[in-house]
Amino acid sequence: MEDVSSYFGAMVFNDEAMRLRLPKDVYRQLKQTVGEGKDLDIDIANSVAHAMKTWAMENGATHYTHWFQPMTGITAEKHEAFISPQGGGRVIMEFSGRELIKGEPDASSFPSGGIRATFEARGYTAWDPTSYAFIKDGTLCIPTAFCAYSGEVLDKKTPLLRSMEALSEQAVRILHLFGKNDVRRVMTTVGAEQEYFLIDKKDYEKRPDLVLTGRTLVGARSPKGQELNDHYFGALRTRVAAYMKDLDRELWKLGIYAKTSHNEVAPCQHELAPVFISANVAVDQNQLTMELMKKVAERHDFACLLHEKPFAGLNGSGKHNNWSISAEGGVNLLEPGDNPRDNAQFLLFLVAVIRAVDDYQDLLRVSVASAGNDYRLGGYEAPPAIISIFLGDELTEILEGLSNGEDVSGRGEAQMKLGVHVLPPIPRDTTDRNRTSPFAFTGNKFEFRMLGSSFSVADPNTILNTAVAKSLKDFYEELKDADDFESAVQDIVRRTWQEHRRIVFNGNNYAPEWVSEATRRGLLNLKCAPDAYDSFLLQKNIDLFAEFHIFNSVEMHARHEILHEEYSKTVRIEAVTLVDMMRRQVIPAVSAYTDRLSKAVADKRAAVPGLACKAEVGLLTSLSGDLDELLSRVEVLDGMNSQSASLSGSELSHWIHDNIVPQMEAVRDVCDRAELKMDKEAWPYPTYGEMLYYI
Ligand code: ADP
Ligand code: MG
C-alpha cells in the first residue's frame, strides 16, 4: 500500500511547513497575528514571503499568483513570475512581503454591480493568512481577499471572514457567561459534500449544450432511468475507480482530506465528502476540489459535470453544507452535553440557529438560488424551495415540553425531574435521517442541503454565521445582567422556541401537503431565483449586514444587481445555444432524414407501383409535422432573445424566467419527440442512453 502520509499536504505551505521554515519568533508572531485577526507587520511579511518563495521553488514553482474568489463564484488568478531582471541579462528570483500581502490584479472585468464604475476602477487583493498558500501547476497560489480601492468588497471571501469574526465575537461572550472564560475564539466548521457527474469526453465534445451551458438543453429520456436505484452505492466501474483514486491523490497533495467517494442515485453520478475544517479553508478547498475534479477528468477521458441539472428526468447534483461551530480546542458547540449546564448551553446555541434560520429564510434561500438550481429545488430529488429545519422528534419534544413547562426529563433511563434549573439529558444521536429536509440537524451539526453543486459555499455560510451572530448578540444583551442566569437561559430557550417553532418540520418535505402547511405557518416559498433575489434588499436584511459590518448598503445593492444579471445572462446563453443547435444541427438533420424517407417511398413505388409504404409515409408525415412545429417554436424563442433588450435588473430576470424558460421547454418538447422517431445514426448528438450507460 502506498504511504499517503508521505505526500499528504506536500503542496501546501501549512502550519508544519511554516514552523519548520520560519525563524522561531517570526512563526510565533505570525500565529499570534492570525490568532487575533490583526494586520500583518511588514517585517514579518518579508520573512514569511522569503520562506514561502524558497519552499515554493524547491517544489518546482516559478510563478506566484494571488488566488481570489470574485463574485462569479469561481476562482481567479493572475500569474506573475518570481524572476526580476538584474541587468546583463541576469535574473534573480524575488518575492517580497509587499507582494505577498497585496496585489493589484486590476481585473476590471469581474462583476462589481456598478461599484467600480462609481468609485475606483482598480481592485486589489490582500493575503488572507488564515488560509494556507499552496502550489498548483507550478504556481504558488496565495489565498487572498479582493476589494476595490475605495474599500468596497468585490469578492465572496471577505464577507465570509467577517461573518466568522462576528459569530466568534458573539459566541465567545455567551461562553464567558457560562463561565468558559478561557475561550478567546470560536470557529465555524464546514464540510462540503460534493456531487458530480462523469461522462465520456467524446460524448461531451459532441454536445454544444454541455460545452457551452453545462447541461443538456435537449435529449429524449433514455428507456432506462434511475428507477431501479441500481447505481446508488453500487460497485465502481474500473475507469471511474481509477479516476477517483487519481483525484484523491491530487487532493491529498493539497492537504484536502477527501474521505469518502461513492456512487449516487443517478447513473454516472458520484459524490465526494471531505473531512470538515474551518469555514474559510473549506471554501478554498471546495473550489480546488471542483477545479481538480474537472482537470483530473480530462486525464481519464471523462468530462466532469458540475451543473445542478445536467440531465432532465434524472437527479441533479447538489452540495451539502455541513456546518457547526466549535470553541478553541475543538469543542463542538452543537454537541449535546453530558450535564444539565452544558445542555443549557447546547440548547441556547440550538435555538440561536433556529431563530436565525426562521428570521432569515429569505437570505438563506437567496444563497442557494440560481438558474441551474431552479431545476432542482422543488423536484423530488432535492429539498423544496421552502426553508425548514429538521430537528428529529426527540429534540423537538424536549423543546416543546420545555416551552410548555412540562416534565420532559423522563425520556430514556434518566428519571430526572425538570426543575427550573434542571434540563433533561439529551440523547446523543436522535436523528433518524430525514433526507428530504433542506436544513437538518444531524446529531452535532446542521446540514444545509439546498446548495447547487456548482456553488461556492461562501455565501450560505456568510449568511448563516451572520444570522446566528445576531441571535447570540440579542441573547447576550438579555443574559448579561440577569439575576438568575440559568432561569434566564431557560426563559430564552422557551420563548425562542415558541416564537420560531414554525420553522421546524420533521415530516416529508416532498409531500404536496407540506406546501399548504408551510403557507399556513407563514413560511416563505420563493419558487424561483428571481423571486428569491428580490428579497435580498429588504430593510431587515440590510440592517443585519450593516450591524455586523458584513456589507454596507452600496455593497448589498451591487450584489443584488449581480445576482439578477447573472441569472439573465445564464438563461440567455442557454436560449441562444438552443436556437443555434436547432437551426444548424437538429433541423437540418430532421430535414435530411425526411428527405431520405420520401426518396425511399419514391424508390419503392417506382419498383412496385401503387405500394402503400405505410411506415415511411406515416413517419414522414409525423416528422414533417414536428419539423414545422420545431421551426416555429425556435422562431418564437429567437424573437424573445431580442425582445427583452429594453429591460434590466430584476425586471429582466423575471421576464426571462416567465418567457424564455418555458419557451426553451417548448422547443425541447418537440425536439425530444422528433429524436425518438429518427434513425439514431442520423441524430446529431449522443443520446441520454449513450452518455449515461456506456462508460
Ligand atoms: P453523515 O454520515 O451524517 O453524512 P459524516 O460524518 O459522514 O456524517 O459527515 C458528513 C460531512 O459532514 C463530512 O463532510 C464531515 O466532515 C462533515 N462534518 C462532520 N462533523 C462536522 C462538524 N462538526 N462541522 C462541520 N462539518 C462536519
Ligand atoms: Mg450529506
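None of the values given here were measured: they were computed from a predicted structure. Counting starts at 1 for both ligands and their atoms, in listed order.
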Show, in sequence, the C-alpha distance, side-chain angles and deciding distance for V153 and F146, and conclude whether the side chain to side chain contact (heavy atoms under 4.5 Å, CB included) test is met.
CA-CA 7 Å; V153 172; F146 181 41; over 6 Å; no

At the 4.0 Å heavy-atom cut-off, does T442 count as touching ligand 1?
no

Can you list the ligand 1 atoms lying under 4.0 Å from a non-hydrogen atom of N332?
23 (N)

Considering only NZ, NE, NH1 and NH2 on the basic side and carboxylate oxygens on the acidic side, decide whether R19 and D15 come within less than 4.0 Å.
no

Using a plain distance cutoff, I'd like to know if V190 has any nitrogen or oxygen under 3.5 Å from a nitrogen or oxygen of ligand 1.
no

Test salt bridge (charged side-chain N to carboxylate O under 4.0 Å, His left out) applied to E328 - qualifying residues, sequence neighbours left out:
R184

Salt bridge (charged side-chain N to carboxylate O under 4.0 Å, His left out) partners of residues 450-460, not counting sequence neighbours, each pair once:
K156-D459

For T189 and ligand 1, does the shortest N/O to N/O distance drop below 3.5 Å?
yes

Heavy-atom nearest neighbour of atom 25 (C) of ligand 1 within options N322, I325, V275
N322

Is the ring pair F545/F536 parallel, tilted or perpendicular, if the boundaries are 30 and 60 degrees?
tilted

